Amino acid sequence: MENLVEHSLAADGLAVGYDQREIIHDLSVRIPTGKITVIVGANACGKSTLLKTMARLLKPSRGSVLLDGKSIQSIPTREVATKLGLLPQSPTAPEGITVADLVGRGRYPRTRWIRQWSKADDEAVAAAMTSTDVLEIADRPIDELSGGQRQRVWIAMALAQETDILLLDEPTTFLDLTHQFEVLDLLVDLNKQDDRTIVLVLHDLNQACRFGDHLIAMKDGAIAAEGNPREVITEEVVQDVFGLGVKIVPDPVAGTPMVVPIGRHTTRADAQPASVSSAAAALAASAAANGVCRPTDR
Amino acid sequence: MPPPSALAESAGRDTSAVAPSRPRRTRRVTLVAGLIVCVALLAVVSLLSIAVGSKQIPFSTVIDALRHYNEANTDHVIVHSLRVPRTVIGLLVGAALGLSGALMQGVTRNPLADPGILGVNGGAALFVVGGIYWFGLSSLTSYVWLAFVGAAAASVVVYLLGSLGREGVTPVKLALAGAAMTAMLGSLTTALLIGDVDTFDQFRFWSVGSLAGRGSDIAGPVAPFILIGIVLALVSGRVLNALSLGDDVAKSLGQRVGLARLFVAVIVVLLCGAATAAAGPIGFIGLTIPHVARLVTGPDYRWILPYSMLLAPILLLASDIVGRIVARPGELQVGIVTAVIGAPFFIILVRRRKLADL
């Protein structure tokens, strides 16, 4: 892939909402080119909404998304699709579709009805399947694959689009730990190979710190903190954004910040406040009286 | 997972050698061969449809009538003025129903969608009944236009209802609006019918769906609509493929989803409206045939559409022939036969293989 033009993605004074409810208010951000940016934040803070708006899936009510300095709404959508790809949270494939066919659908913006499939398309599909390591399963139906394989196939489809910017909405949700790391490692590979700009939404802060060059922490539809993981993931920011007390220690493997939640039950049975434990004792007594067995040690 | 450098190397190296994989190429050959078989079958069924009827005419005479038409020969006249137009209408209506069924399932991503979901049948029926009730119309040719206008009007209303709200037309809203509209149109139609025996008598033959008694005066007006619809439908496979990945993926692939839905809906109205106008409401073909096609082709609409276009008239004409044979010297309307054949067939399909999640 040639990088003659440096792509850039930014949002300027963005406001987005569904119906009457505004989710994002006056948000401006610049996505660093050629880096991995991770958006984090509590549920319903507008992470996915921001990602979808940046991929022109949602139309902002105010402000604009700028792709290469131009408003994304003013660029023909097919042209946008050659520069920016999005993998939504849980995409659905038509039943029975094979891996190769699904990856091939990523060539949609690059083909026309008149100009059908070409050698370049074959090469792009093969390259996408090679770098996601799904070539051996090319002729298997998607439905038969494991969650991790399936996610790699979807990423391959987005890669076949040959865009310099790739947005992914929670690509690791529903995957077990091994497959989560497999997908995240793959994204780093893709970023290093072609200086692809990658933006993803993640729930796991430790993964975000390890794999993100740049972090955006969102709260209530606005950016609460932004910068490299060390700057963003501090005890104060996590308390502010997630409302959760945490300790931050260095990740023993990567040295990046690692979040250790404190929570209410960290210390288990012993040091509970008196009121709680007396309530628990009363509950246990009544349970015993009724012949009900309840866990009392929490 | 190999290290990035190895990945970059293997991605750059000789990728043309691996693609397209051999199974994919042989598959394409198989699918083309399958289409040729369908065309041959369709030719056979069409010929049978011309040869078989309530009056026994020797096959040689039928061929003779096609090649050297003689007006003085009654058999020739029967073949020419009755059976040929009937077969042509069967071909047109079948192709239209098969295609519009596939389009409808594709655009709504609902395996149970049939063209009736847009309110086409309900609208056509109400207008035909209204024409009979208020204006005393009784000719099939006048029904054609009434049915067509009714189908189009109902579809427009359903589409507008389905597009209310911020996110525009969604498959679910379309299905709900269609179901509500169909129920309403149905009760209005019943209200008109129940109060008037003569109207009911006129209407009941139209309402079953039949190819009988339809001559070139019916084929003429609907043919252009169906032919245009066929061309547009066959080029929309790519778009349906994009839509089948869901709205978000389709949009990020650069498809204008709203525009695509409108485009497909217009084609469905052209095809299904014209088919219903010509032959009355014929059930099950639009629902069943795309699933049969999908069994052969897999989920690629660029193949599902041509297969549906060929398979549907095969089923329709075959049902029509069966209808002519089983009730000799009378006839069973094709709409009844397709339902009788189609329903068990559909049940087998559902049981054998869970219906494609679209």
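No experiment lies behind these values; they were computed from the predicted model shown. So that the names make sense, note that chain A is the first sequence line, chain B the second, and so on, each numbered from 1.
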**Request:** Quick one: which of A/Q161, A/M129, A/R56, A/E79 has the most heavy-atom pairs under 4.5 Å with chain B, could you say?
**Result:** A/R56
**Request:** Output the option from B/V239, B/D300, B/L245 having the highest count of non-hydrogen pairs under 4.5 Å with chain A.
**Result:** B/L245
**Message:** Please evaluate residues B/Y307 and B/Y301 with respect to the criterion ring pair (Phe, Tyr, Trp, His ring centres under 6.0 Å), reporting the C-alpha separation (whole Å), side-chain torsions for both, the decisive distance (0.1 Å), and the verdict.
**Reply:** CA-CA 9 Å; B/Y307 267 90; B/Y301 275 97; over 10 Å; no
**Prompt:** Side chain, backbone, both or neither: which part of A/L190 has a non-hydrogen atom closer than 4.5 Å to chain B?
**Reply:** neither
**Asked** So, A/R78 side chain and B/G254 main chain: donor-acceptor pair closer than 3.5 Å or not?
**Response** no
**Best-contacting candidate, A/G106, A/P109, A/A158, A/A128, against chain B by heavy atom pairs under 4.5 angstrom** = A/P109
**Message:** Under a 3.5 Å cutoff, is there a donor and acceptor pairing between the side chains of A/H179 and A/Q151?
**Reply:** no
**Item:** salt bridge (charged side-chain N to carboxylate O under 4.0 Å, His left out) assessment of A/R107 paired with A/D121
**Value:** CA-CA 7 Å; A/R107 298 301 291 168; A/D121 297 311; 2.8 Å; yes
**Prompt:** Which atoms form the tightest heavy-atom contact between B/L253 and A/R105, and what is the distance?
**Reply:** CD1-O, 3.5 Å
**Asked** Heavy-atom distance under 4.5 Å to chain B: side chain of A/M157, backbone, both or neither?
**Response** side chain
